[in-house]
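Everything numeric in this text was worked out from a predicted model, so none of it was measured.
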Amino acid sequence: MDWTLFAIFFAASIAAASTGALFEPGAWYKGLDKPRWTPPNWLFPVVWTVLYIAMAVAAARIAVTDAAPMAMAFYTLQLVLNTLWTPVFFGLRRLGGGMLVISGLWLAVAATTVTFWQIDTVAGLLLAPYLLWASIAGALNFSVWRRNPGAGGKPAQ
């Protein structure tokens, strides 16, 4: 594996993750009605750390192949949508907007996983947990949105 490529992709993941520090869930999110199966708050940073490392490894494996352009385009799209979700959901407090972004994110992660898998099975397998987590996140976003009509509130300052 090319460690320089890994470092670049991991840095991009850290940049995407930084929106979580800029737009923390806070009291607004705590006050929302959420399903019983909502993961505990401590689990989110743990899961995302593992996922971002796996994503960077997978991307570094694919970037050096001749088939990289389409796969890396999907990878870029999913990372952009990943970055966008937190400011829309937590920053703007747009539950429906978050659902729109996470739907696009799920499609982009699925496309990335399939294209990576076709090029390098290991890279595809590394993204499979991300697709599962995006599915859980999408279901949670949908449930929170449906349980809290009109809960947008004032955007975070």
Side-chain angles (χ1 to χ4, degrees), residues 1-26 29 34-145 156:
M1 179 170 64
D2 184 326
W3 289 100
T4 302
L5 281 174
F6 168 79
I8 291 168
F9 288 118
F10 190 62
S13 295
I14 291 170
S18 70
T19 61
L22 296 173
F23 301 99
E24 294 179 356
Y29 181 72
K34 293 177 282 302
R36 286 184 298 144
W37 52 266
T38 300
N41 289 341
W42 65 264
L43 186 61
F44 289 91
V46 173
V47 168
W48 277 113
T49 299
V50 172
L51 292 177
Y52 283 135
I53 291 168
M55 290 163 57
V57 170
R61 292 178 64 95
I62 296 298
V64 297
T65 69
D66 292 336
M70 183 61 73
M72 296 312 296
F74 282 130
Y75 183 85
T76 302
L77 176 61
Q78 67 77 25
L79 196 59
V80 167
L81 292 169
N82 179 310
T83 305
L84 182 61
W85 183 85
T86 300
V88 170
F89 189 90
F90 291 119
L92 296 175
R93 299 181 179 172
R94 301 290 186 249
L95 305 179
M99 191 66 228
L100 183 64
V101 172
I102 209 161
S103 295
L105 173 62
W106 189 92
L107 291 170
V109 172
T112 306
T113 303
V114 168
T115 56
F116 275 32
W117 191 297
Q118 291 170 340
I119 297 165
D120 179 337
T121 305
V122 172
L125 286 171
L126 284 166
L127 290 185
Y130 183 22
L131 185 58
L132 175 62
W133 188 250
S135 300
I136 293 167
L140 180 59
N141 189 146
F142 182 76
S143 181
V144 170
W145 179 38

[X] [atom1] to [Y] [atom2] distance, which is reported to the nearest 0.5 Å:
| X | Y | atom1 | atom2 | result |
| --- | --- | --- | --- | --- |
| L51 | S13 | CG | OG | 9.5 Å |
| I102 | F142 | CD1 | CZ | 12.5 Å |
| L105 | L79 | CG | CG | 9.5 Å |
| T115 | I62 | OG1 | CD1 | 7.5 Å |

Compare every heavy atom of [Y] with every heavy atom of [X], then report the nearest pair and how far apart it is.
| X | Y | result |
| --- | --- | --- |
| I119 | T65 | CG2-OG1, 3.7 Å |
| A63 | A68 | O-CB, 3.9 Å |
| D2 | A60 | O-CB, 4.2 Å |
| G124 | T113 | O-CG2, 3.8 Å |
| A123 | A58 | O-CB, 3.6 Å |

Side chain to side chain donor-acceptor pair (under 3.5 Å): which pairs involve residues 37-60, sequence neighbours left out?
Y52-N82
When you measure from the side chain of S103 to the backbone N and O of M99, does any donor-acceptor pair fall under 3.5 Å?
yes
Determine whether a donor-acceptor pair (N or O, by modelled atom type, separation under 3.5 Å) exists between the side chain of T112 and the backbone of F74.
yes
Look at the aromatic rings of F89 and W85 and report parallel, tilted or perpendicular, splitting at 30° and 60°.
parallel
Below 30° counts as parallel, above 60° as perpendicular, anything between as tilted: where do the rings of F10 and F6 land?
parallel
[X] vs [Y] side-chain heavy atoms within contact, under 4.5 Å:
| X | Y | value |
| --- | --- | --- |
| Y29 | K34 | yes |
| L140 | P39 | yes |
| L127 | M55 | yes |
| F9 | M72 | yes |
| N141 | W145 | yes |

For T76, which residues count as a side-chain hydrogen bond (donor to acceptor under 3.5 Å, both in side chains) partner, sequence neighbours excluded?
none
Residues passing the side-chain hydrogen bond (donor to acceptor under 3.5 Å, both in side chains) test with W106, sequence neighbours excluded, are S135
